[in-house]
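In what follows, a structure is listed as structure tokens, so that the remarks can point back to it.
Below, chains carry the letters A, B, ... as their sequence lines are ordered, and counting in each starts from 1.
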Amino acid sequence: MTLFADIRALVIECLESLAARGRLPAGLDMGNVAVEPPRDPAHGDMATNAAMVLAKPAGMKPREIAAALAEALAEDARIDSAEVAGPGFLNLRLSEETWRGVIRSVLADGAGYGRSDLGQGQKVNVEYVSANPTGPLHVGHTRGAVFGDALAALLEYAGHDVTREYYINDGGAQVDVLARSVYLRYLEAHGQKVAFEDGTYPGDYLIAVGEALKDKVGDAYVGKPEALWLEPVRDFATEAMMALIREDLAALGVKMDHFYSEKSLYGTGRIEDAIEDLRAKGLIYKGVLEPPKGKQPEDWEPREQTLFKSTDYGDDVDRPIMKSDGAWTYFAPDIAYHYDKITRGYDQLIDVFGADHGGYVKRMKAAVSALSGGRVPLDIKLTQLVKLYKNGEPFKMSKRAGTFVTLRDVVEMVGPDVTRFVMLTRKNDAPLDFDFEKVREQSKDNPVFYVQYAHARICSVQRKAAEAGIAAEAGDLARIDHPAEFALVAKLAEWPRLVETAAAAHEPHRVAFYLYDLAGALHGLWNKGNAEPGLRFLQDDDPVATKAKLALIGAVQVVISNGLGILGVTPVEEMR
RNA sequence: GCACCCAUAGCUCAGCUGGAUAGAGCGCUGCCCUCCGAAGGCAGAGGUCAAAGGUUCGAAUCCUUUUGGGUGCGCCA
């Protein structure tokens, strides 16, 4: 059970009974009625805006409605008091027993506390990472990987049927470049001196691939024309890169449900099918685009291309899907891929891209909107850059200088848990500073530590209690009776609501910030025990109080654990 | 030139998709361990929410314009 939902239901119920008794007009739309935690604790435990929202449609004064509602609400056992305040807010104070019920709910539901049926089993496809299979994942991919993974988990937790998917760009020119680069390493493995010219990938990670190729085919391709080896080497190389990328993802704890190959779209009629669908809707035509203003490319000349009329769906210009030489542009397989997602029956699509792909948002949305007839929403989340620091000094990345930082480097240096949490301490569309030293620091300005510390502290208390032979149980909670304790419980009560709003907004970072707040509330209560011994969790010679307090912090532990679970971070029992 | 993202305390950032006196960390000032982990906590100082209009009971949040940053802009993915 979730307290905010319960109380909101109660408010609605009271409003309806007022309407039934003629004290309110019938048929009011209650959709905007909200029950929220007030910013100022002096305003009680919960506040509702019902009176202000309904004042206009009801043709009544806000405070008049609020007074009537207050009267009705006060009859419920859960409500201690309901006061009209300000322009028409109704501030509610809940009974202590109601708060104690939250502790019981949390402990009873355990890992399920906060789970929601908001998504109603809707099928959602979350596409993320989707890095070109030309090398290991780097820090930029890391953020997208963590964000996408946490978003997927959050949506699952909120009742969606989620598929995590990776689109492999193995159909374009860049995999030919990869093949040629591997071929050079292959010649090198045969003892030849080779030069890496512009347009090839000189990375060391291809040395092993070249050698593996040699082991597989011997000297079969040495001195042979490209036409003979390009295709098999390309397949070999992409497969090797994808194996590398899967390992990178595994190191970070990311598990995809599905890898989708761009190449599989070619020669199977699937691109043609998707384009045909658009053509049938009258959205494909041949035309010449205007040159972009202000940029003035030197080699511009008008060309007739096959275009998708994306301007019908809010794009700025129509987009080419076929080059003047008759080959597909990259956009065509992208369309086909999303067409495929739609035909697989997803109710909602989410793409996670790097911010440098911001220019493709409108055209992709246009395509999905056109292909699905507006049925399937596509949300595109852009992840901003990660700036690396070491002890406050910018950490410059350079492929040539060998200071190129890969995902694996980061994970090996700070571990997957820290990597994941820190990546979620900023909104996805805000740039993120990642300092290798600070994220490992054990102090309160490191949110990972701060949250983990709260969990570890609880475990520490539980160990002490176990030594004393006291078991936690949600039995008699009457000894939970202090405002500071109820404040902590109130924080726990917010969790289910937070899950829903974060999921609806597609913003997993809210979970990280919530956990930081919750940890703060626990640390605060802990330290109040310095001045007020009665607030300490372990009460000598008072097993009843101790058990109640153990139930309280056990509930905190459950919520921290549930939240970290969504972020893909393992809660620790001890700080080391 | 056009589009998208961003602008909140000295610094780094939240702000629950329109609510009451705008919050946290760092930094600064002063406090709190005979006590379950002080790796923490409490208190204080610090703001024309970039600017100006508009929408309404109510705006940091929504709309318009302006200023100032970032990203992108045909036959590359």
Point to revise | No-H, no-angle donor-acceptor pair, A:Y360 side chain to B:C76 base, under 3.5 Å | key: yes
Check your understanding: Which part of the nucleic acid does A:H43 contact within heavy-atom distance under 4.0 Å: base, sugar-phosphate only, or nothing?
Key -> base
Review point. Reckon A:W328 has a side-chain N or O less than 4.0 Å from the OP1 or OP2 of B:C75?
Key: no
**Study point:** Proximal nucleotide (of B:U17, B:C13, B:G74) relative to the A:R426 side chain
**Key:** B:C13
Practice item. Identify whether any heavy atom of A:H509 sits under 4.0 Å from a base atom; if not, whether one sits that close to sugar-phosphate; answer base, sugar-phosphate or nothing. Key: sugar-phosphate
Review point. For B:A24, which nucleotide in any strand shown is its Watson-Crick or wobble partner with both distances under 3.5 Å?
Key: B:U12
**Study point:** Sugar-phosphate only, base, or nothing, as touched by A:F449 at under 4.0 Å among non-hydrogen atoms
**Key:** base
Practice item. Please determine, for the side chain of A:D429, which listed nucleotide (B:A14, B:C6, B:C4) has the closest atom? Key: B:C6
Practice item. Kindly say if A:K438 contacts the phosphate of B:C26, meaning a side-chain N or O under 4.0 Å from OP1 or OP2. Key: no
Check your understanding: Which distance, rounded to the nearest 0.5 Å, do you find between the CD1 of A:I271 and the CH2 of A:W328?
Key -> 6.5 Å
Study note, to complete from the structure: The reported gap from CD in A:E574 to SG in A:C459 (rounded to nearest 0.5 angstrom) is 9.0 Å
Practice item. Take atom C1' in B:A24 and the same atom in B:G15, then report the distance between them in whole Å. Key: 10 Å
Check your understanding: A:L118 CG to B:U17 C1': how many Å, rounded?
Key -> 13 Å
Practice item. Could you tell me the separation between the NZ atom of A:K387 and the P atom of B:G70, rounded to a whole number of Å? Key: 10 Å
Practice item. Would you indicate whether the side-chain heavy atoms of A:E485 and A:K528 approach each other to under 4.5 Å? Key: no
Review point. Between B:C57, B:C76, B:G40, which nucleotide has the shortest distance from any of its atoms to the side chain of A:R457?
Key: B:G40
Practice item. Indicate, with a heavy-atom threshold strictly under 4.0 Å, whether A:A502 touches base, sugar-phosphate, or nothing. Key: nothing
Practice item. Look at the side-chain N and O atoms of A:R303 and state whether any lies under 4.0 Å from the OP1 or OP2 oxygen of B:C75. Key: no
Practice item. Remember a base hit wins even if backbone is also touched, and classify A:A47 as base, sugar-phosphate or nothing at under 4.0 Å, heavy atoms. Key: base
Review point. Considering only the P atoms, how many Å lie between B:C62 and B:G74, rounded to the nearest integer?
Key: 30 Å
Review point. What do the steps show when you test A:Y514 against A:Y516 for ring-ring contact (aromatic ring centres under 6.0 Å, His included), and what is the final call?
Key: CA-CA 5 Å; A:Y514 168 81; A:Y516 186 80; over 10 Å; no
Review point. What does A:N49 touch in the nucleic acid at a heavy-atom separation under 4.0 angstrom: a base, only the sugar-phosphate, or nothing?
Key: base
Check your understanding: Roughly how far apart, to the nearest Å, are B:C16 and B:A51 at atom C1'?
Key -> 28 Å
Check your understanding: Which part of the nucleic acid does A:N530 contact within heavy-atom distance under 4.0 Å: base, sugar-phosphate only, or nothing?
Key -> base
Check your understanding: Looking only at atom C1', what distance separates B:A45 and B:G27, rounded to whole Å?
Key -> 12 Å
Study note, to complete from the structure: Rounded to whole Å, CG of A:D433 lies from P of B:G70 at a distance of 16 Å
Check your understanding: For B:G1, which nucleotide in any strand shown is its Watson-Crick or wobble partner with both distances under 3.5 Å?
Key -> B:C73
Review point. In the strands shown, is B:U48 matched to any nucleotide by a Watson-Crick or G-U wobble pair with both distances under 3.5 Å, and which?
Key: none
Review point. When the P atoms of B:U66 and B:A3 are considered, how many whole Å apart are they?
Key: 10 Å
Check your understanding: Using the ring of each side chain (for Trp, its six-membered ring), is A:H509 parallel, tilted or perpendicular to A:F513, with breaks at 30° and 60°?
Key -> perpendicular
**Study point:** Span that lies between the C1' atom of B:C13 and that of B:A7, in whole angstrom
**Key:** 13 Å
Study note, to complete from the structure: Among B:C36, B:U17, B:C16, the one nearest any side-chain atom of A:K464 is B:C36
Revision key, fill the gap. Ranking B:A14, B:A77, B:G74 by distance to the side chain of A:N169, first place goes to B:A77
Point to revise | Any-strand Watson-Crick or G-U partner of B:A7, both distances under 3.5 Å | key: B:U67
Point to revise | Phosphate OP1/OP2 of B:G40: any A:K444 side-chain N/O under 4.0 Å | key: no
Exercise for review: Ignoring the backbone of A:V461, work out which of B:G41, B:C36, B:G25 is nearest its side chain.
Suggested key: B:C36
Practice item. Respond yes when some side-chain nitrogen or oxygen of A:K323 is under 4.0 Å from OP1 or OP2 of B:C76, and no when none is. Key: yes
Check your understanding: Where does the angle between the aromatic ring planes of A:Y330 and A:Y360 fall among parallel (under 30°), tilted (30 to 60°) and perpendicular (over 60°)?
Key -> perpendicular
Review point. Should the pair A:Y167 and A:Y337 be assigned to parallel (<30°), tilted (30 to 60°) or perpendicular (>60°) ring geometry?
Key: parallel
Review point. Using a cut-off of 4.0 Å on non-hydrogen atoms, how would the nucleic acid contact of A:R536 be classed: base, sugar-phosphate, or nothing?
Key: base
Exercise for review: Measure the shortest side-chain to side-chain distance between A:K263 and A:D235 over non-hydrogen atoms and say whether it is less than 4.5 angstrom.
Suggested key: yes
Check your understanding: For B:G41, does either OP1 or OP2 sit under 4.0 Å from a side-chain N or O belonging to A:Y453?
Key -> no
Practice item. Pick base, sugar-phosphate or nothing for A:S443, based on heavy-atom distances below 4.0 Å to the nucleic acid. Key: sugar-phosphate
Check your understanding: Are the ring of A:F89 and the base ring of B:A20 both nearer than 5.5 Å at their centres and tilted by less than 30°?
Key -> yes
Review point. In whole Å, what separates the C1' atom of B:C73 from that of B:C28?
Key: 47 Å
Review point. When all nucleic acid strands are considered with a 4.0 Å heavy-atom cut-off, which category describes A:P320: base, sugar-phosphate, or nothing?
Key: sugar-phosphate
Revision key, fill the gap. Among the nucleotides B:A14, B:G15, B:C36, whichever has the atom closest to the side chain of A:F537 is B:C36
Review point. How is A:R497 classified with respect to the nucleic acid when contacts are heavy atoms under 4.0 Å: base, sugar-phosphate, or nothing?
Key: base
Exercise for review: Please figure out whether A:G86 or A:K362 has its closest RNA chain B nucleotide nearer the 5' end.
Suggested key: A:K362
Exercise for review: Would you give the length of the straight line joining atom CG of A:D325 to atom CD of A:Q305, rounded to the nearest 0.5 angstrom?
Suggested key: 10.0 Å
Check your understanding: What nucleic acid atoms does A:K528 come within less than 4.0 Å of, heavy atoms only: base, sugar-phosphate, or nothing?
Key -> nothing
Check your understanding: B:G25 and B:A14: how far apart are their C1' atoms, nearest whole angstrom?
Key -> 10 Å
Exercise for review: Have a look at A:F331 and say if it touches a base, only the backbone sugar-phosphate, or nothing, with a 4.0 Å heavy-atom cut-off.
Suggested key: nothing
Exercise for review: Kindly say whether, by distance alone, the side chain of A:D315 makes a donor-acceptor pair under 3.5 Å with the base of B:A3?
Suggested key: no
Review point. For A:E494, which contact category applies under a 4.0 Å heavy-atom criterion: base, sugar-phosphate, or nothing?
Key: nothing
